[in-house]
Amino acid sequence: MKKRKMERRRTGRRSEDEGGEEDGRRSSRPRTSAAAADRLPTPSRDLPPPRMGTSAELNGIMKGANARSERMRTSILIGAILAARVGGVGASLDGDRPFLGANGRTYPDLRLAFGKHSRTRQCSLCKMRVQGSWYCRVGHGHLDRPDHDGGNSASVLAELSRMSTDELEGRLRGLMMTTTSSSSSCPRIAAAGGGGRFHGTGWSMDDLGNDLLYHVASFLPSLSDLSSLCMTSRRARRLLLGRRSEDLLRGVFLRAFGVGAPWGWETLERVDLSWRDLWVTIRGLRRGLKRGSIAPPPPPDDGLLLRDTIGILPEHDEGDAIYYDNPSHADPDAEYCNGYFGMGALRLPPPPNAGPDWQPPIILRGDFDGIRILESSSSLSRRREETPIGGGPGLHGDMRVVGAEEGGGQVLSLIRCDPSSSTRAGVHPPCCFIGYASGRVAAVSATLGPGGDVYAFAISGSHHAHDSEVTALAFVDCGSSPRDGSAPVLFSACCAGKVYFYPHAFDPDENFSMERSVLAFSNYYDCPIFSMASTSMESHGHFYSVICTGDRDGNIRLWLKPDDDLVGLCARAESQKFRHIQLCKSSTVSGTGFHLVTRAFFVRNNLLITGTNNGDVRFWQMQVAENASRAIGRGPLPALTLRYDLMGIHNGAVELLTVVGDVLLSSGGNDGKIVGWDIATGLRLGTIRCHPGRRLEDGGGTIRSCVVDLLLFGQEGSLISLCRDGSLKLFKM
């Protein structure tokens, strides 16, 4: 009897102290006093008590790598910040507390969830002390220190730490409402009477006035937060379309995606699209990639259909070009056409007498002399009664042949520019520059036609600086500071490993002359350069202008411009006017031969993306950090850090890398697909089949051609893909 009484007392005390844990099992965590329990953060005291989740359930959610897992990851970060505020620095010793997830359930062991799913790495000091990310970022509060590998994984955590507790709870509540609207299985926050009404509270977003709702939304710092708010109710969703949406959303969008494409960016973003049209295009592209297809547009009313092939090359040459990507099916003794190399829209303003439906001209290059310029994207269409197969240049009455008489051969590289940035009366600035296989670099200018409604194109200047194929062109900021207003300078690279620049290519006082090229630097051992990109940044009180080159041996090198301006750079006597500061490898795989760098370009926030001839794509983050060079008086230098390594994502050479907003589109090999990637996370968004495929006559299966370029046109966001054999396909976002 006495034994049973003692057992009942012990069981009751244990249940009271442990908060009623199931089965009355003894808890190993420290007891929490009533005063401390009142300080534990909760998203809303009006909500009913949340249901318990398990670690296995949390692991399953995070393996999804989708929007649901990102919301859960954000809730883990919010829980870590709130835990640190309750326990201070000692939160690292009490990290096994539960936390509230984005789906409204409570999960155990916040410290373990943070270490496994927050994607946060520790700083160099904590790495040396063999301490994990929880002790570093939450326990010690090292939010402003870079990662031990040079990354910046704590940036999101630092942003959350600057928010008040009420703001954090509001954001967590918004995550829970977003989860509820996308999944009816989560019972924590239920929609009642039109949506957005909290169960049991009698409160709804619809109860707010217009001005108050606008002010609430104006404090949200990102597009994802605004989207979460707009999903809470129909009333909040009207923020996207209301009269004040321009003031509310434009600034947030431009902070996320930038004002426009800088010089030399490989981007499909058109300068004539508004931020809202571009946002709709990005959302449509993401949805299409996730579903695996983008819906084809409905048949037009004007009777125009997209051609099956572009038809500039003869039909038999277009048919042979597919063997470039499928050499195992080709006759080794036969010579085949190399097909098309690229396509893009020129960045020209509408002519003064152009109609309302004017579209920018389209420039193409391929296995022919010079370039071909079409009047608009409508030139890629045909009448219903016309033959669907190309048929040669005769079908393109509005096509212009430019640069074929220069004797330079094929155009291997091309870079577009904005001619309105360098204007002077009586002088026509170039609209693009082209690099020939013969080593010549030429400028193409656009002048108004007699009627003032179309453009006429011609070679306005050229220079033969290289002794081999010109493989890459780039614009480099050669000013002494980012605010000196200097125009970019044209640089060219070739297969002999030489890089030249043209000081007067953008100078109206010199009539945009291509003469007097200057040797910038030579690659080590004269290794052929196949890709080149540039960027500039300001850090530690210094202005850095950097060139990145990718060569035949898989070397990615950074070259730093000296502090001189353009005049001082030209006056330097040494041949190596740029200083080599870093060497990286395009692939970690050894024993497979060279990993030639086929593509390299910078995107926002100095993120470098490279592609190789074996299908690898890598993301590199460039930033200025303290390094050993400071000891010899040279100060900190820019450096690349590998961020994401996408190995073998294509079964052949990467031919296409381009950006639409925060989506990277890549293509390579012979699968005829484009693959979409999230730039922020490096995650695969999906694929879209572009090439229709050709069945071999001997029953050997179906072969396809690589996608070499994409064209974005129209206010509604239509996309045209061009394959090496000239195949065209139209998609509707």
Side-chain angles (χ1 to χ4, degrees), residues 41-44 47 50-83 98-110 112-120 153-161 163 165-191 195-196 198-199 205 216-217 219-233 236-237 240 252 256 282-283 286-287 290 662 678-686:
T42 57
S44 177
L47 294 178
R51 293 167 51 186
M52 291 294 297
T54 63
S55 298
E57 176 188 341
L58 178 63
N59 293 336
I61 294 175
M62 301 307 294
K63 286 181 180 179
N66 49 27
R68 184 186 179 194
S69 64
E70 286 300 315
R71 290 194 294 267
M72 186 64 72
R73 173 176 171 264
T74 304
S75 68
I76 294 174
L77 298 178
I78 293 176
I81 295 296
L82 294 176
F99 70 96
L100 186 63
N103 57 359
R105 296 191 177 187
T106 300
Y107 292 93
D109 207 336
L110 173 60
L112 179 62
F114 185 89
K116 291 180 63 175
H117 306 304
S118 67
R119 295 204 301 265
T120 304
S153 61
S155 59
V156 179
L157 200 63
E159 179 183 351
L160 292 174
S161 68
M163 301 173 65
T165 301
D166 292 338
E167 291 174 336
L168 289 174
E169 293 180 359
R171 183 164 183 180
L172 182 58
R173 189 181 298 112
L175 293 174
M176 296 168 65
M177 289 186 289
T178 303
T179 304
T180 304
S181 64
S182 60
S183 175
S184 60
S185 61
C186 180
R188 299 313 327 136
I189 301 178
F198 292 108
H199 179 69
M205 294 290 290
V216 170
F219 281 98
L220 298 177
S222 66
L223 283 176
S224 60
D225 295 330
L226 278 172
S227 300
S228 299
L229 175 67
C230 293
M231 289 297 293
T232 57
S233 67
R237 202 171 295 123
L240 298 175
V252 179
I282 296 170
R283 291 181 60 193
R286 279 181 166 270
R287 290 180 179 178
K290 186 175 182 180
D662 60 347
D678 190 315
I679 292 179
T681 62
L683 297 178
R684 184 187 185 115
L685 299 176

Of all heavy-atom pairs between [X] and [Y], which one has the smallest distance, and what is that distance?
{"X": "L172", "Y": "S75", "value": "CD1-CB, 3.7 Å"}
{"X": "E159", "Y": "M163", "value": "O-CG, 3.7 Å"}
{"X": "G79", "Y": "L110", "value": "O-CD2, 3.5 Å"}
{"X": "G53", "Y": "P108", "value": "O-CD, 3.4 Å"}

From [X] atom [atom1] to [Y] atom [atom2], the distance as rounded to the nearest 0.5 Å:
{"X": "E57", "Y": "M62", "atom1": "CD", "atom2": "CE", "result": "12.5 Å"}
{"X": "R105", "Y": "T54", "atom1": "CZ", "atom2": "OG1", "result": "8.5 Å"}
{"X": "L112", "Y": "Y107", "atom1": "CG", "atom2": "OH", "result": "14.0 Å"}
{"X": "S155", "Y": "L160", "atom1": "OG", "atom2": "CG", "result": "9.5 Å"}
{"X": "M72", "Y": "L58", "atom1": "CE", "atom2": "CG", "result": "6.0 Å"}
{"X": "D678", "Y": "R286", "atom1": "CG", "atom2": "CZ", "result": "4.5 Å"}

Please examine the side chains of [Y] and [X], heavy atoms only from C-beta on, and report whether any two atoms are closer than 4.5 Å.
{"X": "S118", "Y": "L77", "value": "yes"}
{"X": "K116", "Y": "N59", "value": "yes"}
{"X": "R171", "Y": "T74", "value": "yes"}
{"X": "R119", "Y": "V156", "value": "no"}

Point to revise | Of I81, I76, L82, the residue whose pairing with I78 passes side-chain contact (heavy atoms from CB on, under 4.5 Å) | key: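 Per the side-chain contact (heavy atoms from CB on, under 4.5 Å) rule, the option paired with I78 is L82, out of I81, I76, L82.
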